[in-house]
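To start, the structure under review is shown below, and the notes come after it.
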Number of protein chains: 2
Amino acid sequence: MNLAELIAAASERLTPVERRIAAVVLEDPTWLAFGTVSDLATEVDTSRPSIVRFARKLGFEGFADMREHAQRGVTAKLSRPSQRIRHQEGSLGRAGAELTESIRHLFDGLDGPQLAALGDPLARAQQVWILSGETSLAAAHAMFSGLTMVRPNVHLISEHSSGRDLGGAAPGDAAIVFDFPRYRRHALTAATALGELGVELVAITDGPLSPYAALTQNWFALDVPAMGPFDSSVPRVAMAEVLVAYVATQLKDEAQVRIDRTEALWTATDTFLAEEN
Amino acid sequence: MNLAELIAAASERLTPVERRIAAVVLEDPTWLAFGTVSDLATEVDTSRPSIVRFARKLGFEGFADMREHAQRGVTAKLSRPSQRIRHQEGSLGRAGAELTESIRHLFDGLDGPQLAALGDPLARAQQVWILSGETSLAAAHAMFSGLTMVRPNVHLISEHSSGRDLGGAAPGDAAIVFDFPRYRRHALTAATALGELGVELVAITDGPLSPYAALTQNWFALDVPAMGPFDSSVPRVAMAEVLVAYVATQLKDEAQVRIDRTEALWTATDTFLAEEN
DNA sequence: AGGAGAATGTAACTGATTGGACATTTCTCT
DNA sequence: AGAGAAATGTCCAATCAGTTACATTCTCCT
C-alpha cells in the first residue's frame, strides 16, 4: 500500500492544513524520505504538530514511522533489479539472470562521455598495451584481437614477456588493464610502471576500492557474476567488445582499411570455407 | 562528482575499517541516504567515530554533509527514468539489448539433458582438445583456462601446432569446437580428422546448417549478435563458462583438488596481492 | 623487547528532533 | 452573539543523533 493510496483513504477526514501537507508530499516524496518534521512544517508553512497529526491520521505511529514507510518505497525503486536476481531460484536460471543483469548494468552505467573517456585514449594512442589479471585473460584476448583488427601497434603483455615488451612504451601511448580481485601483482606493477613512463592508463576493474582506481581517472567498474565455482568473465569480454566497437567508429576510415586488408589476407591464404550465398 | 569517485580518490588513504565502510555504502547507497551514523556503525560493526572520520576523509564536513550529498544523488536517480528510456534508443542500448537477449536465449534453450550431452564428454574424456574459428578465440581461451583448472589433459589447438599436437589424440578423448560462419577451414579439417580418430566431438556453432552439425549430434546453436563492425563473442564465452561449470560439478572432488592445487601454486609464487578482509 | 605512531574504540557533550500537553484561534450551529 | 467543538499553534520534555576529546589497542620498526 503506497502513500498515495493511504492519503486517498484518509482524504475525506483531512483538515485544510493536512490537505496542504498531502499536496506537498505527493508532489515530491523526497520531503518524506529525507526531510524532518521541521523541514516539512516550514515547507507547508504550518506547525510541527500538524505534521505529526497528519502522519497519525494516515495510520502511522508517528512521523518517524511514516518516514520509514516512505524510505522503504524509495529503496524498492532503487534496488529492484539486483533484488530480483536474488529471488530467482534454480542454479542455471539464476546464473543466466545474473549474467544478463550484469550486462544490463554495464550498458546502463556506460553513458556517452564515460565511454569516450575510456575509449578515446585507445583510439588516439601511438601504441596500445593490454594488461590483464589471471581471470581476465579472455577479455584481454578479445580486446587484443579486436583492437588489432582496427588499429596498429597493439601489444598484449604476457607475464613472461613484459620486461622486454614494455621497454618500447612512451608518452603518447595508452594502456588498458583488465584486473579484478584478487588483483594480480604482475598486472599492477606493469600498470604502475607504464603510468610512470607517461602512458595513459584505462582500467576495467571492480570498483573504486581497486588499486587501479587510484592510478587513473579512466576506470570503469564491472559486476562479476559467479559461474559455477569461478567468476564469470562474460561482462569483461562484453566490455572489451564495446571498447573495440567504439574505437572502430572513432577511427572510421583507418579501421575500415585495416579490416579490408585483413580480409584480403584471409582470402589469399584460403582461411575460410567458401561462402554460400 | 559521485560517491564512487570520491571513494576512489581517497581509496589509498583509507584504513581497513574505512574500507569496510566504503564497501558497505557502495554495495547499498541506501545506508548513506537513509541511515544514521549508528545504523552504519552497527552494520559495519565498528564505532560511530570511525564513520565520521570516513566522511571527513572523503572531503565532507561530517556525516551530515555526506548524507546530504548522497540524498542529492538518490533524488537524481529517482527522477531519471525518462532519461534512461531515451538512452536505450541509442545504438549502445540496442547492442546491450541484443547481447542480453542472446544470453537469455542460451539459458532458455539449454535444458538439463542437453547440457549433459554437451558436457559429459568433456568430463569423462581422457584428453580434451579445443578447436576454434578466428572469431571464437576468446571463447576457446575461456574454455581452455577454465577447463584446465578443473581437469587434466586439456589442449588448445592453435593453427601452427595442430599437426604435431593432434598426433596424441585417441578414442576416449573428446574435442570441443567453437566455430561460426564464416567457418574456418583449419578448424573444420581438424575436427574431421579427430572424428576419424574416434574422438567424441562437441560443437558450438550457428545452427543445423553448420558443417559441424553433420559431424556430430552433440552440437548447440548460439545467436551471434553484432557489436559494432564485428560479431560479438560474448555468448560463446558464456557458453564456454557454462560448460566449464558443468564439468566442474561433474568432477566435483577431482576438480576441487585441482583448484586447490592451483591456488596453492599461486600463493607460493606470490601471484596476487594480499587479500584485505 | 620496546617505543612511536597509526588505528580504533569509549565516553561525554551539544544540538536537533520528535511527540505530547496545553493554549489559542477559528468555525459552526443555535 | 455566544457556546461548544474542531483545528491549529506554542512550548516543553525526553530521546537520539553527530561530534569531539581522550584512552586503548595494534602494528611496525629498531
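Below, chains carry the letters A, B, ... as their sequence lines are ordered, and counting in each starts from 1.
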Which residues share a salt bridge (Lys or Arg N to Asp or Glu O under 4.0 Å) with A/Glu43, sequence neighbours left out:
none

Assess the residue pair A/Thr42 and A/Asp39 against the criterion (side chain to side chain donor-acceptor pair (under 3.5 Å)); give the C-alpha distance rounded to whole Å, side-chain angles, the decisive distance to 0.1 Å, and a yes or no.
CA-CA 5 Å; A/Thr42 307; A/Asp39 293 340; 5.8 Å; no

Throw together a table of side-chain donor-acceptor distances under 3.5 angstrom for residues 222-238 of chain A, partners on residues two or more places apart or in other chains.
{"unit_1": "A/Asp223", "atom_1": "OD2", "unit_2": "A/His105", "atom_2": "ND1", "d": "3.2"}
{"unit_1": "A/Ser232", "atom_1": "OG", "unit_2": "A/Val234", "atom_2": "N", "d": "3.0"}
{"unit_1": "A/Ser232", "atom_1": "OG", "unit_2": "B/Glu241", "atom_2": "OE1", "d": "2.5"}
{"unit_1": "A/Ser233", "atom_1": "OG", "unit_2": "B/Glu241", "atom_2": "OE2", "d": "2.7"}
{"unit_1": "A/Arg236", "atom_1": "NH1", "unit_2": "A/Thr135", "atom_2": "O", "d": "3.0"}
{"unit_1": "A/Arg236", "atom_1": "NH1", "unit_2": "A/Thr135", "atom_2": "OG1", "d": "3.0"}
{"unit_1": "A/Arg236", "atom_1": "NH1", "unit_2": "A/Ser136", "atom_2": "OG", "d": "2.8"}

Along nucleotides 9-24 of chain D, 5' to 3', which nucleotides get a B, which get an S, and which get a -, given that the test is a protein heavy-atom distance under 4.0 Å?
BB-B----SSBB----

Between the side chains of A/Thr100 and B/Thr100, does any donor sit under 3.5 Å from an acceptor?
no

Partner set under side chain to side chain contact (heavy atoms under 4.5 Å, CB included) for B/Thr249, not counting sequence neighbours:
B/Tyr246

Between A/Asn153 and A/Gln127, is the side chain to side chain donor-acceptor pair (under 3.5 Å) condition met? List the steps.
CA-CA 5 Å; A/Asn153 302 323; A/Gln127 304 182 88; 5.8 Å; no

Could you pull out all donor-acceptor pairs under 3.5 Å where a side-chain atom in residues 56-66 of chain B meets a protein atom, sequence neighbours excluded?
{"unit_1": "B/Arg56", "atom_1": "NH1", "unit_2": "B/Glu61", "atom_2": "O", "d": "3.3"}
{"unit_1": "B/Arg56", "atom_1": "NH2", "unit_2": "B/Glu61", "atom_2": "O", "d": "3.3"}
{"unit_1": "B/Lys57", "atom_1": "NZ", "unit_2": "B/Arg13", "atom_2": "O", "d": "2.9"}
{"unit_1": "B/Lys57", "atom_1": "NZ", "unit_2": "B/Glu18", "atom_2": "OE1", "d": "2.9"}
{"unit_1": "B/Asp65", "atom_1": "OD2", "unit_2": "B/Glu61", "atom_2": "N", "d": "3.0"}

At a 4.0 Å cut-off to heavy atoms of chain A, the contacted part of DNA chain C spans C/dT17 to C/dG20

